[in-house]
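Shown next, in structure tokens, is the structure this report addresses.
Note that the structure is predicted; figures quoted are calculated from it, not measured. So you know, we letter chains A, B, ... as the sequences are listed, proteins then strands, and number each from 1.
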Amino acid sequence: MAKDFWIGEVHQGKYDDQEIELKGWVHRTRGSNKIWFIVLRDSTGLIQCVIKKTVVGDESFNLIKGALIESSIILKGTIKSTEREHGYELQVTNAKVVGPVNPDNPFPITESAMLEAEGGESEFLLDNRHLYLRTSRMTNMLKVRSTIFGAIHSYFRNQDFIEYQAPNFVAGAVEGGSTLFEVPYFGKKAYLTQSWQLYAEAAMPALERLYTIAPSFRAEKSRTRRHLTEFWHAEMEIAWASNDEVMKYGEGVVRTAASKLLEERESELNELGRDLSLVERYADNPYPRMRYDEAVEILQSKNVEIEWGQDLDYSKEKILTADFDLPHFLTHYPRIAKPFYHRPDPSDQKYVLCHDLLAPEGYGEIIGGGERTWSEEEILERIDEEGTPREPYEFYIDTRRYGGVPHGGFGLGVDRICAWLAGADHIRETIPFPRDSRRVTP
RNA sequence: GCCGACAUAGCUUAGUUGGUGGAGCGGUGGACUGUUAAUCCACAGGUCGCAGGUUCGAGUCCUGCUGUCGGCGCCA
């Protein structure tokens with residue numbers, strides 16, 4: 001039953017003139033009543049298979065001719081290299097249909113639906129996401145995504161970080177309570193987590209260097225190409241580290257993801273229409289750093305209405321990053337613009353020791369992080385000044401009561417990195433079953 | 001929460017000042033011995049998102065609803 005031969009291997013020249021058996025799905029068909037062509041797909045590529053009536057016999061020929069698009073089939077034959085378009089062909093001697101497609105209900109994703117997909121994602125393709133996954137665009141994107149997830153894991157593990165899991169059901173918010181998903185919990189209320197961070201800080205004194213890749217949930221009615229209600233969040237937390245040191249890891253993990261893509265997914269990126277020289281630039285260059293104050297000055301010089309103390313929203317980020325050809329770290333935001341867990345800068349208490357990493361090409365913020373408020377006194381002051389109740393954070397404050405140390409971390413939007421590095425038009429294109437405020441199906 | 005669009009066959013869509021809804025893809029039948037989004041001929045496929053209204057007559061005009069898409073705020 002196992003599958004021994006892969007289309008990708010054929011194109012590497014592994015089976016020239018050999019007899020092999022290919023298992024896969026019908027991508028396209030054409031032909032006459034004497035010769036039939038099937039472009040066969042498997043997870044590794046496409047190959048044209050040639051079926052001649054004189055070779056396989058009338059019965060077999062007619063059966064395979066009835067295999068509609070997306071039927072699963074097994075074809076046995078000989079691999080021949082060819083001067084024609086496909087490089088290699090399978091000269092079929094034996095054909096078998098495994099899972100047919102009923103002509104009354106053919107595969108719904110047609111050329112016309114695919115043409116639409118080049119520009120964006122139609123309602124129809126979102127409704128038929130489970131079938132759209134089989135198309136080359138989605139397949140390429142999922143391979144790119146896998147490489148990025150792998151790169152994040154190996155980056156942290158290679159530096160002795162411990163992968164650590166936090167609960168997804170939580171009692172309180174990390175920030176601004178309005179974006180929590182509430183779920184019934186045996187007569188009580190629980191929430192879906194927005195971030196691993198607070199639980200990571202609890203384990204920081206035990207593990208010192210820790211990371212995760214996990215889903216986070218935000219009940220924001222955001223309708224943008226950068227937002228999902230369920231997104232994959234890569235987070236890290238490290239003891240004894242300053243804002244600067246945390247940023248080095250942020251830069252490191254992003255550049256590692258970019259170079260892994262160049263190593264492993266060049267052809268996929270090409271097929272997705274990505275300009276590889278951009279990805280190379282993101283892999284090979286250090287990311288500049290800029291203080292919030294400088295960013296405000298730049299914006300003011302461009303006649304953008306902004307006052308000191310305002311957070312940088314996306315419309316301002318977009319103007320700021322328009323001239324950037326690399327991701328930039330923005331640091332030292334005003335204390336009043338950031339939540340309580342950010343540590344005030346000891347050299348000027350108006351600022352916090354934090355950073356956002358802003359991607360170029362309009363992809364916006366991909367990392368948010370910084371140094372944490374770590375003394376008991378300071379965390380209580382920050383919680384009170386924000387008007388946040390203390391009770392839900394008692395466990396968090398305890399981290400400071402028993403041997404608090406300087407520490408920091410960041411959260412990285414993995415789907416956003418995928419969208420940016422792959423050059424996707426929408427974050428939805430990078431995740432198999434996207435969830436937003438209007439869609440939880442399929 | 002706010003702003004702006006759109007909804008016609010399984011899919012992509014055309015539809016004029018309101019007058020019996022067409023095409024391409026996909027499907028079915030047929031033709032064709034090397035096709036490349038194969039080609040050619042024929043056929044099937046429609047409660048024009050839903051509910052009201054105006055009118056002799058509504059896919060088309062008006063109102064409401066629903067759904068979807070795009071953008072803002074919020075963030076990763």
[M] and [N], which share atom name [atom1], separated by this distance in whole Å:
N      : M      : atom1 : answer
A44(B) : G57(B) : C1'   : 30 Å
C74(B) : A37(B) : C1'   : 44 Å
A23(B) : A9(B)  : P     : 15 Å
C50(B) : A42(B) : P     : 33 Å
U68(B) : G27(B) : C1'   : 27 Å
C25(B) : U39(B) : P     : 7 Å
A7(B)  : U60(B) : P     : 11 Å

Select one nucleotide: of [options], the one nearest the side-chain heavy atoms of [X].
X         : options                : result
Ser122(A) : U36(B), G71(B), U12(B) : U12(B)
Asn33(A)  : C74(B), C69(B), A31(B) : A31(B)
Gln48(A)  : C74(B), G26(B), G34(B) : G34(B)
Arg439(A) : C32(B), C69(B), G1(B)  : C69(B)
Lys65(A)  : C75(B), G27(B), C32(B) : C32(B)

Indicate, with a heavy-atom threshold strictly under 4.0 Å, whether [X] touches base, sugar-phosphate, or nothing.
X         : result
Asp313(A) : sugar-phosphate
Glu70(A)  : nothing
Ser315(A) : sugar-phosphate
Leu126(A) : sugar-phosphate
Gly411(A) : sugar-phosphate
Leu228(A) : base
Lys52(A)  : base
Glu235(A) : nothing
Ile35(A)  : base
His426(A) : sugar-phosphate
Ile109(A) : nothing
Glu83(A)  : nothing
Phe231(A) : base
Asp311(A) : sugar-phosphate

query: In chain order, what residues pass the ring pair (Phe, Tyr, Trp, His ring centres under 6.0 Å) check against Phe181(A), with sequence neighbours excluded?
result: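 Here no residue qualifies.
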Assigned partner base of [N], Watson-Crick or wobble definition, under 3.5 Å:
N      : value
A5(B)  : U68(B)
A42(B) : U28(B)
G52(B) : C62(B)
U20(B) : none

[atom1] of [X] versus [atom2] of [N]: gap in Å, rounded?
X         : N      : atom1 : atom2 : value
Leu412(A) : C75(B) : CG    : P     : 17 Å
Glu317(A) : C72(B) : CD    : P     : 11 Å
Lys221(A) : G70(B) : NZ    : C1'   : 18 Å
His227(A) : C72(B) : NE2   : P     : 9 Å
Arg129(A) : C11(B) : CZ    : C1'   : 17 Å
Tyr132(A) : G26(B) : OH    : C1'   : 18 Å
Ile69(A)  : A37(B) : CD1   : P     : 13 Å

Distance below 4.0 Å between [X] side-chain N/O and [N] OP1 or OP2:
X         : N      : result
Arg223(A) : G70(B) : yes
Arg428(A) : G70(B) : yes
Arg28(A)  : U35(B) : no

- prompt: Side chains of Thr44(A) and Glu9(A): do they bring a donor and an acceptor to under 3.5 Å?
  reply: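 Distance-only check fails for Thr44(A) and Glu9(A).
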- prompt: Quick one: do the Glu235(A) and Ser195(A) side chains pair a donor with an acceptor below 3.5 Å?
  reply: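 Their side chains do contain a donor-acceptor pair, which is all the 3.5 Å distance test asks for.
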Confirm from the modelled atom types if [X] and [N] form a donor-acceptor pair under 3.5 Å, side chain to base only.
X         : N      : result
Arg416(A) : C75(B) : yes
Ser222(A) : C74(B) : yes
Glu89(A)  : G34(B) : yes

- prompt: For Tyr314(A) and G73(B), do the ring centres fall under 5.5 Å apart while the planes stay under 30° apart?
  reply: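 Here the ring of Tyr314(A) and the base of G73(B) are not stacked, as the 5.5 Å and 30° limits are not both satisfied.
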- prompt: Where do Phe340(A) and Tyr393(A) land on the ring pair (Phe, Tyr, Trp, His ring centres under 6.0 Å) test, with the steps shown first?
  reply: CA-CA 11 Å; Phe340(A) 67 84; Tyr393(A) 298 104; 5.2 Å; yes
field: Single hit among Tyr396(A), Phe395(A), Phe169(A) for ring pair (Phe, Tyr, Trp, His ring centres under 6.0 Å) with Tyr199(A)
entry: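 Per the ring pair (Phe, Tyr, Trp, His ring centres under 6.0 Å) rule, the option paired with Tyr199(A) is Phe395(A), out of Tyr396(A), Phe395(A), Phe169(A).
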- request: Indicate the ring-plane relationship of His153(A) and Tyr211(A), choosing parallel, tilted or perpendicular according to the 30° and 60° boundaries.
  value: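 It falls in the perpendicular class, over 60°.
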Every protein N/O lying under 3.5 Å from an N/O of nucleotides 42-47 of chain B:
none

message: Taking Glu230(A) first and then Arg218(A), would you say they form a salt bridge - that is, a charged N and a carboxylate O separated by under 4.0 Å?
response: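 Salt bridge: no.
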